[in-house]
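Naming convention: chains lettered A, B, ... in sequence-line order (proteins, then strands); numbering from 1 in each chain.
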Amino acid sequence: MSRTPARLAAVAAAGTLVAVAATAATAGATRAGAGPIKIGISLSLSGDFSDSGKAAQRGYKLWAKVANSHGGVLGRKVQLVIQDDTSSPTQAQTNYQNFITKDKVDLVFGPFSTLLTAPSAAVANRYGYAFIEPAGGGPAVFQEKLHNVFFTQPAPVLQSADVFVKFLSSLPKSQRPKTAAYPSLDDPFSSPIADQVRALLQKKGVKTVYKTIYPSETTDMGPVIQKAASKHPDAIIGGTQNGDAYAQVKAMVQQKFSPKFVFLTNGPNDPAEFPSKVGAKNVNGIFSTGDWFPQEKSFGNAAFVKAYVKAYGGSSATIDPSSAEAFAAGQLVQEVAAKTKSIDNKTVISTLHKGTWKTVEGNLRWNSIGEPQGSDLLMEWIGGKLYPVYPKALALHKPLVPKPGWGSK
Amino acid sequence: MTALLEIDGLTKRFGGVTAVDACSFTVPAGSVTALVGPNGSGKTTAFNLITGYARADAGAVRFDGAAVRRPDPIRLARSGLTRTFQQARIFPDLTLVENMVAALQQPWTSVFTRAVRRPERERALELLDEFGIARLADERAGNLSYGQKKLLEFAAVLMGDPRLVLLDEPTAGVNPVLVDQIEERIRELNARGLTFLVVEHNMNLVMRLCDPVVVLAQGTKLAEGRPDEVRNDPRVLDAYLGG
Amino acid sequence: MTRNGLLRGGAFVAAGIAFPLLFNAAWLVNIGILTLMYAALAVSWNLFSGFTGYITLGQVAFFGLGAYSLGITFEHFGIGSGYNPFYVLPIVGACVAFASLPVAWIALRTRAMTFAIVTLTLLFIVQQLAFNLHSLTHGSSGLMLPTPTTFGVDNYDRPFYYAMLGLVLLALLICWGILRSKLGLMLLSIREDEEKARGLGIRVTGTKLVAWWLHVFVTAMVGGVWAYYLTFIYPESSVDPLVMIGAVLMTFLGGRGTLWGPVVGALVLVPAQQYMLIHLGGSQLYLVGYAAVFMVVLLVLPRGIIPSIRDGVVRTRERQRTRGGAAKAAV
Amino acid sequence: MHQVIQAVILGLLIGGVYALMASGLTLVFGIMRVINVAQGALVILAAYLSYALFSHAHVDPFLSVLIVTPAMFVLGVLVQIVFVRSLRGDDAEELSLLVTWALALGIEGVLSVIFKTTYRATSPSYADKTLTVFGYQVQFVRLMAFVGSAALLLVLSLLLTRTKFGRAVRATVQNPTAATLLGVDANRVQTLSFGLGVSMAAAAGAVYGVIYPFNPGSHYDLISRLLSIVVLGGLGSLGGAVVAALVMGVTEAVVAVEWQPTWASFSYFIVLIVVLLIRPQGIFGVRERAL
């Protein structure tokens, strides 16, 4: 009676081995050569990051389509090998292992989110692959000090709000805030940014009157805003994601608390959703940042927006910046190929480390560990519309200071 | 005759119903004491209170001269007071021998030793043989008939060399041949010095086997004494006929 | 029986050791690591829940604690790189296991259902600690472990593979030992009828705690190896309910309370899951599919593959025996 | 002090909604010893239904309770018949834990396919209205949510005490075997109560979507709270669940204001562990041993 499980285990094990060996054999057969250029990308098509993962997928696919309609890269068609990582870092890492050692892809692009990029970049680095990644800008990615990483946004996440500080410094002294409160979300892309802004502003004499970090499941901003309001700050500077940003604004409206400045790192930068969530009359004067803007006059942006709307419908306002970031990754490969006639990973890495590169995300250049050296855009809601207002060279509207009261035009 | 178990003022209420009401009796050392009474008179509840399966609202239990504060089945079993259940409770997925050995109280140091050591197996087989089920020693206990399960449960509680065994209806639902066997076992073990407290409905058996007999009715003690005394007590007759 | 057991164990060990030598493509070894990781988790889940009947829904909390403990040890004690962290693992595992005892003791005082719920809350407690103890864990930003540089590129995954294999074998060895020991006898009697076991003087809580300690010990070490392999952990990924549901599913699929069941479950499910992800990925139905498989296993095969097959074999044999007997009687 | 009282008010209002969700959970446990781990996911499902009704048909979220609740009652009955009732054997209770967990995953999966994973919120025109009572601010929707939850809890308790079905339910809770002997159709009572438990989740869910943004993954956070509420109150005790929910609401709100929001829910888990240390059966639980 006890022999059956043994046999079963043996059969199961043997079956696995055979299946695995069979796949191994076929995998070995496909070799890089004159065929299409294969690019492996792990994306979160299900799970927590799936919305942004799918947006990135649209950007990647759009780039491949556009590139192929112009004859591909170096005369070879581009073929994307996209795998779902279910928003799990373990699976993302597995996917990159598969791309590199099984599918023998020519290049890999990054997944969505720093949390998945950090472990994946290490895999790519081990095999000498360049890791052009659109969405991993958090400190964890750069902490490893990998030479093969290239983040395709103008600034690392941590520095993404520095532009707001620069803007405040550009104001006449009387208009600048004297006190600020920092309610932030406990999230790698939120509270560290607020911390960074706080450090910079404190140096410039802006007093911190309140600071708190709330957990991601906090959906009720009432108490937080109440406490912040009780300190009467000139500015509310929140490291936020979308949901809690909406909740913060709603709580401020409810409590009739209208500070002179409201800056939220994420949330207000969603042109389609923000007004619908907080009420169109409550958006004016709120600041946020962005790495990309539909009307931006960056390299190939107008064509990108046009092609995007044609391919996926909607309007330029509904394009998720993740799509533009992903598109930029592809642009970089095309430019390197045009310049060096090669897409060899070693060449890509050494070439990208030199000079400035034009993308829909603006002109990018990196330090030795892949941190971009540019600056994000400061966005503001004015007259019910979202405009880039700083730096001046990229601004489409004059900034509105101070914030008008809730419900006013 | 010293008392091995003394029950004093034991009380248990479930909501508005008093299941056991200030009940007091003693189990003399070396006796086979019977606890009888009509259905619902609180016998099993009293068992549960004594063995720590339920918490008494009031009353005291003394075992072997020492007060048992907050009775706990594990501690009681380890100090020599053990019980069987009305529905024979055995471990159906274990073999008979394993059931027997599981009932041996182990010190922590032997937790990682072999499940069934040779001397333990021999002791188990010996006891199983006395109960006439040694030939089934390596069967799954779940395959036994109900009567055999009762025998196994009885045999198993003896593994720990207890001083007092509480038997809850040892012959209920058991065929007459097995009843005789169980009676014989109780007599023989008692002759070797083991004390019993038995809840039993089979009055003939009680009258043959037990002395003293404690009668419960509606949670209180009605009578306590030799079988013939109790049998002729009019209150007892009332309780049984009227109840 | 013992000889078969030895053969079975020997075959498993041999196959396990040979696998990365025969198939040295990194991606295959990587899938091997995942399979062994789940196997180790499933075996150790089974070690507690399969043997005591108390379902714990908090195992992955200790997986996460192990991962973080190793990560924090890296950062604060400089245990170096290369093979050294593997040697620290048993200490990490033992510490996590001892630290878990007080909570386990409180939880084990409750009834089985309450126990399951309390263990589930452990998941959230550990995750919140990982979020909030910022100075130790870096909170939501995640904790980076140094990438070992001495393992080379070609066989980089092998040390992790063998570490996981070692943990599976350790877990199996513990289970095997339990099944043969007094501890196993006591645990099984608790699973079958805890109140009766108490009546026999079995120290039920202590016994369960021993099994608990062992299961956390293994689980935490698995978490440590995983963290070192991945080099980056954060609260949601290291305390991921899906990881535990995976381990539980494998245990149920293979057979609860059996020695090899969880291993069989992992050998079937992990490669299947990877295959499905590659071939059906992108259909967004990953989670739904997962739930559906789980549901089917629970409703159709609640006892698992091994016990079901075992029963089937026993039944056929009995039928043959009775038929044989009848034939003889006819003669 | 003002802030503490404000926090207590907030906590009580929120606690009321949680009490409604937890009541269904504890009721189902009392009757069939089944912990419905999918309760949180069902709340979220109801929140999405109400959201869809609001955004596509402009049905007021508080009115949508009248549509969502019966619909989810039917769903609950089906779930009980298909998934829960088919579990047999001595470990059916433990298995139900895993089956309902699988159900929760399934619901999460389906919701994220249909509605994606971005946070949604049902925002009727009065969503931002605030009342000021004695200097304390009370959000209109929260007050409505609390009043609605309290009313439904009242209806539930009347249903349990005043109707024949309620008597059958209570008899089953106290003694399933006896109830069967008295002619209570156990299967029917179980199915209907499961449906009832799910409708409580549904009613609360429709309301939940107005006061909180949610996404398909929100159910993890919810269920961890709900489970610890019912354990704290004592499994199967309706009153216990209500008290525990209010305790949770107040503890979290006060800790969030007086200390730090990040430790708010943690503090509640600590309360739970401490209570279990003293009373393993929960505040109002009955100590019972399977004999």
Side-chain angles (χ1 to χ4, degrees), chain B residues 47-48 50-54 71-85 87-95 97-117 120 140-143 149 152-153 156-162 165-166 168, chain C residues 1-2 5 47 50-53 108-109 111 173-214 217 255-259 303-304 306-307 310-311 314-315 317-318 321:
Chain B
F47 258 37
N48 288 343
I50 295 167
T51 50
Y53 278 96
D72 170 67
I74 302 174
R75 244 177 297 142
L76 285 171
R78 287 180 164 259
S79 60
L81 188 160
T82 185
R83 71 174 289 186
T84 65
F85 290 85
Q87 308 292 326
R89 283 171 86 162
I90 44 114
F91 306 119
D93 263 349
L94 304 185
T95 66
V97 169
E98 285 169 340
N99 262 281
M100 298 293 284
V101 177
L104 260 177
Q105 285 112 31
Q106 304 287 347
W108 282 120
T109 46
S110 65
V111 161
F112 293 108
T113 59
R114 245 185 117 83
V116 180
R117 279 175 288 188
E120 290 165 346
R140 236 182 115 252
N143 294 342
K149 282 182 187 160
L152 173 61
E153 190 189 25
V157 300
L158 300 174
M159 282 295 279
D161 286 323
V165 176
L166 276 61
D168 199 349
Chain C
M1 182 162 166
T2 344
L47 158 59
F51 289 165
T52 63
L108 281 169
R109 281 153 47 93
R111 285 173 293 155
L173 216 60
I174 291 175
C175 285
W176 178 76
I178 285 180
L179 281 173
R180 288 167 48 91
S181 71
K182 287 266 184 303
L183 180 63
L185 200 55
M186 286 148 85
L187 288 172
L188 290 181
S189 44
I190 291 170
R191 186 179 71 186
E192 303 239 301
D193 188 341
E194 182 165 352
E195 292 307 319
K196 172 69 186 172
R198 288 158 56 84
L200 292 174
I202 296 174
R203 294 179 180 122
V204 292
T205 307
T207 310
K208 286 183 280 185
L209 279 178
V210 173
W212 175 270
W213 190 94
L214 290 168
F217 176 61
R256 258 180 312 161
T258 63
L259 183 59
R303 300 186 46 223
I306 289 189
R310 205 182 264 169
D311 280 6
V314 169
R315 231 173 291 132
R317 276 203 199 138
E318 263 166 17
R321 203 188 300 155

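Between B:Asp93 and C:Leu188, every side-chain heavy-atom pair lies at or beyond the 4.5 Å cut-off. Contact annotation: the side chain of C:Ile202 never approaches that of B:Gln106 to less than 4.5 Å [non-hydrogen atoms, C-beta and beyond]. Side-chain atoms of B:Phe85 and C:Asp193, non-hydrogen and from C-beta on, never get closer than 4.5 Å to each other. Inter-residue side-chain proximity for B:Ile90 and C:Lys196 is flagged as unmet; no heavy-atom pair is nearer than 4.5 Å. At least one side-chain heavy atom of B:Phe91 sits less than 4.5 Å from a side-chain heavy atom of C:Leu200. A 4.5 Å side-chain heavy-atom check between C:Glu192 and B:Pro92 finds at least one atom pair inside the cut-off. Looking only at side-chain heavy atoms (C-beta outward), B:Arg114 and C:Lys182 stay at 4.5 Å or farther from each other.
With B:Arg78 contributing its side chain and C:Gly201 its backbone, the two residues share a donor-acceptor pair below 3.5 Å.
With respect to B:Arg89 and C:Glu195, no salt bridge is recorded, no charged nitrogen being found less than 4.0 Å from a carboxylate O.
For a residue to count as touching a neighbouring chain, one of its non-hydrogen atoms must lie under 4.5 Å from one of that chain's; by this rule B:Thr51 does not touch chain C. For a residue to count as touching a neighbouring chain, one of its non-hydrogen atoms must lie under 4.5 Å from one of that chain's; by this rule B:Arg75 does not touch chain C. When heavy atoms are compared at a cutoff of 4.5 Å, C:Val204 approaches chain B by way of both its backbone and its side chain. For chain C, the nearby part of B:Asp72 is the side chain; its heavy atoms alone come within less than 4.5 Å.
Here the CH2 atom belonging to B:Trp108 is positioned 6.0 Å from the CZ atom belonging to C:Arg203, to the nearest 0.5 angstrom.
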